[in-house]
Amino acid sequence: MPKKYELQVENEYGRLDKFVSEQIPDLSRTRVKELVKEKEILVNHKVEKVSYKIQAGDKIEINVPAVKPLDVVPENIPLDIVYEDEDVIVVNKPQGMVVHPAPGHPDHTLVNALLYHTQDLAQSPEGFRPGIVHRIDKDTSGLLMIAKNAKARESLEDQLAHKTNKRIYWAIVHGNFGEENGVIDAPIGRNPYDRKNDRKKMAVVENGKKAVTHFKVLKQFKGYSLIECQLETGRTHQIRVHLDYIGHAVAGDPLYGPRKTLKGNGQFLHAKVLGFKHPRTGKWLEFTVEPPKIFQDALAQLEKASE
């Protein structure tokens with residue numbers, strides 16, 4: 001059901017989004033920002049920015065449209081849950097699983113599995129990605145954090161936005177390195193020359209969004225290397241695009257890598273470490289999961305070939 005609120009301000013205050021989310025606990029700051037963008041929040045009958053400073057005497061009108069019906073069907077798909085409490089779930093996503101429904105992948109996703117596991121997932125305006133605050137690609141395995149309520153979603157998204165969480169990936173990449181570590185600071189956007197992949201391909205482009213990836217070389221083999229990547233930003237396909245950009249495409253990558261590569265089920269990329277502050281207690285939580293068997297088998301084969 002749609003809801004309407006009216007707030008009469010008695011004293012000066014800070015930002016519009018902060019004020020509204022504090023006055024109406026059911027609305028996270030993220031949701032307030034979305035409503036402002038959709039022109040569903042008016043200050044003195046006018047649209048204002050989320051950063052508008054509240055003044056004494058202001059009248060704020062808030063229209064919250066009904067959440068779009070959830071078309072996603074719960075499915076009994078086993079989940080590897082690393083941690084769960086009343087606010088968050090940390091799940092180890094297997095390679096080959098899409099995070100949420102999308103064109104071409106309407107079901108058998110992580111969201112379908114989560115909805116079977118619990119009804120306590122933070123709503124999303126789109127309806128098809130409840131609980132999801134960040135994603136990893138279908139053929140990337142590893143850790144994801146899931147929000148079970150609006151306040152948890154706001155906190156986790158805020159940590160992502162302010163780069164205060166921790167995300168470390170392992171990747172098997174083509175080629176060897178002359179340096180032990182490095183930083184790739186190169187903007188990412190849609191590849192303007194991609195015509196074959198329905199514009200799925202991203203690239204380093206001059207007018208793209210800022211993207212920063214830190215990497216460390218863990219081990220070198222004949223023709224390949226095992227590296228650790230830490231994300232400072234979280235752009236679509238960021239690690240895959242950045243590593244291809246510096247001439248070290250992720251092994252097995254069907255979109256950015258060479259045809260001659262390691263045999264597997266897609267890119268050898270694994271979200272190994274995830275750390276964040278708990279949205280309710282503020283306690284630092286950190287989790288580590290080992291790469292899947294196919295990744296570990298590839299490392300063993302590279303080790304043997306390099307002897």
Side-chain angles (χ1 to χ4, degrees), residues 77-82 89-105 108-114 129 131-146 156 160 165-174 184 188 191 197-198 200-204 211-216 218 224-246 248-258 261-276 287-299 302:
I77 302 170
L79 286 171
D80 182 4
I81 294 176
V82 178
I89 302 173
V90 176
V91 63
N92 180 20
K93 186 191 81 68
Q95 189 181 41
M97 177 182 271
V98 175
V99 171
H100 62 67
H105 296 283
H108 310 316
T109 71
L110 178 63
V111 164
N112 295 99
L114 286 167
R129 56 182 184 96
I132 303 301
V133 294
H134 66 133
R135 296 174 294 176
I136 54 179
D137 299 327
K138 173 190 171 187
D139 292 326
T140 299
S141 57
L143 293 166
L144 280 169
M145 52 189 178
I146 309 297
L156 296 177
L160 285 166
N165 66 331
K166 185 177 183 181
R167 289 174 292 164
I168 294 177
Y169 292 70
W170 272 16
I172 302 175
V173 303
H174 284 268
I184 310 165
I188 291 176
N191 187 327
N197 300 290
D198 299 323
K200 291 178 183 176
K201 221 170 176 186
M202 309 299 285
V204 171
V212 181
T213 304
H214 301 258
F215 71 87
K216 179 168 68 175
L218 301 178
Y224 293 90
S225 299
L226 172 65
I227 68 169
E228 177 181 284
C229 296
Q230 186 157 357
L231 290 177
E232 190 173 312
T233 54
R235 306 304 174 202
T236 301
H237 299 173
Q238 179 172 316
I239 291 175
R240 298 164 66 189
V241 171
H242 269 173
L243 291 174
D244 177 49
Y245 177 67
I246 65 170
H248 293 284
V250 178
D253 192 329
L255 199 57
Y256 301 100
T261 187
L262 296 180
K263 290 183 179 179
N265 297 321
Q267 63 270 6
F268 285 84
L269 183 60
H270 174 68
K272 191 172 193 292
V273 179
L274 176 65
F276 57 90
F287 307 93
T288 301
V289 292
E290 294 305 313
K293 185 176 184 299
I294 194 168
F295 194 114
Q296 296 187 47
D297 287 348
L299 286 177
L302 289 172

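Heavy-atom basis, side chains included; hydrogens, waters and symmetry copies ignored. Predicted, not measured: the structure shown is a model, and the values here were computed from it.
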Taking atom [atom1] of [X] and atom [atom2] of [Y], what is their separation to the nearest 0.5 Å?
| X | Y | atom1 | atom2 | value |
| --- | --- | --- | --- | --- |
| Y169 | I227 | OH | CD1 | 13.0 Å |
| K293 | Q95 | NZ | CD | 13.0 Å |
| H134 | L231 | NE2 | CG | 10.5 Å |
| L299 | I294 | CG | CD1 | 11.5 Å |
| I146 | I132 | CD1 | CD1 | 4.0 Å |
| K201 | T236 | NZ | OG1 | 15.0 Å |

Exercise for review: Begin with the C-alpha distance, continue with both residues' side-chain angles, and end with the deciding distance and a verdict on side-chain hydrogen bond (donor to acceptor under 3.5 Å, both in side chains) for T213 and E232.
Suggested key: CA-CA 6 Å; T213 304; E232 190 173 312; over 6 Å; no
Check your understanding: So, T109 and H100: side-chain donor and acceptor under 3.5 Å apart, yes or no?
Key -> no
Check your understanding: Do the side-chain N and O atoms of H248 and S225 include a donor-acceptor pair separated by under 3.5 angstrom?
Key ->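 Checked: H248/S225 side chains show no N/O donor-acceptor pair below 3.5 Å.
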Point to revise | Salt-bridge present (D137, R240; N to O < 4.0 Å) | key: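 Looking at R240 together with D137, the answer is yes, because their closest N to O distance falls below 4.0 Å.
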Is the shortest side-chain heavy-atom distance between [X] and [Y] below 4.5 Å?
| X | Y | value |
| --- | --- | --- |
| M202 | L255 | no |
| V173 | Y224 | no |
| V212 | I184 | no |
| L143 | V273 | no |
| L144 | L110 | yes |
| Y245 | I188 | no |
| I172 | V250 | no |
| I246 | F215 | yes |

Using distance only, find each side-chain donor-acceptor pair of residues 263-272 under 3.5 Å and give its atom names and separation, not counting sequence neighbours.
from : atom 1 : to   : atom 2 : distance (Å)
Q267 : NE2    : T140 : OG1    : 3.1
H270 : ND1    : S141 : OG     : 2.8
H270 : NE2    : V289 : O      : 2.9
H270 : NE2    : E290 : O      : 3.3
K272 : NZ     : E290 : OE2    : 3.4

Check your understanding: Considering residues at least two apart in sequence or located in another chain, which fulfil the ring pair (Phe, Tyr, Trp, His ring centres under 6.0 Å) criterion with F287?
Key ->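 If we apply the ring pair (Phe, Tyr, Trp, His ring centres under 6.0 Å) test to F287, skipping adjacent residues, the hits are Y83.
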Practice item. Using the test side-chain hydrogen bond (donor to acceptor under 3.5 Å, both in side chains), find all partners of Y256 that sit at least two apart in sequence or belong to another chain. Key: H237
Exercise for review: Using modelled atom types only, decide if a donor and an acceptor are shared between the side chain of K93 and the backbone of K138 within a distance under 3.5 Å.
Suggested key: yes
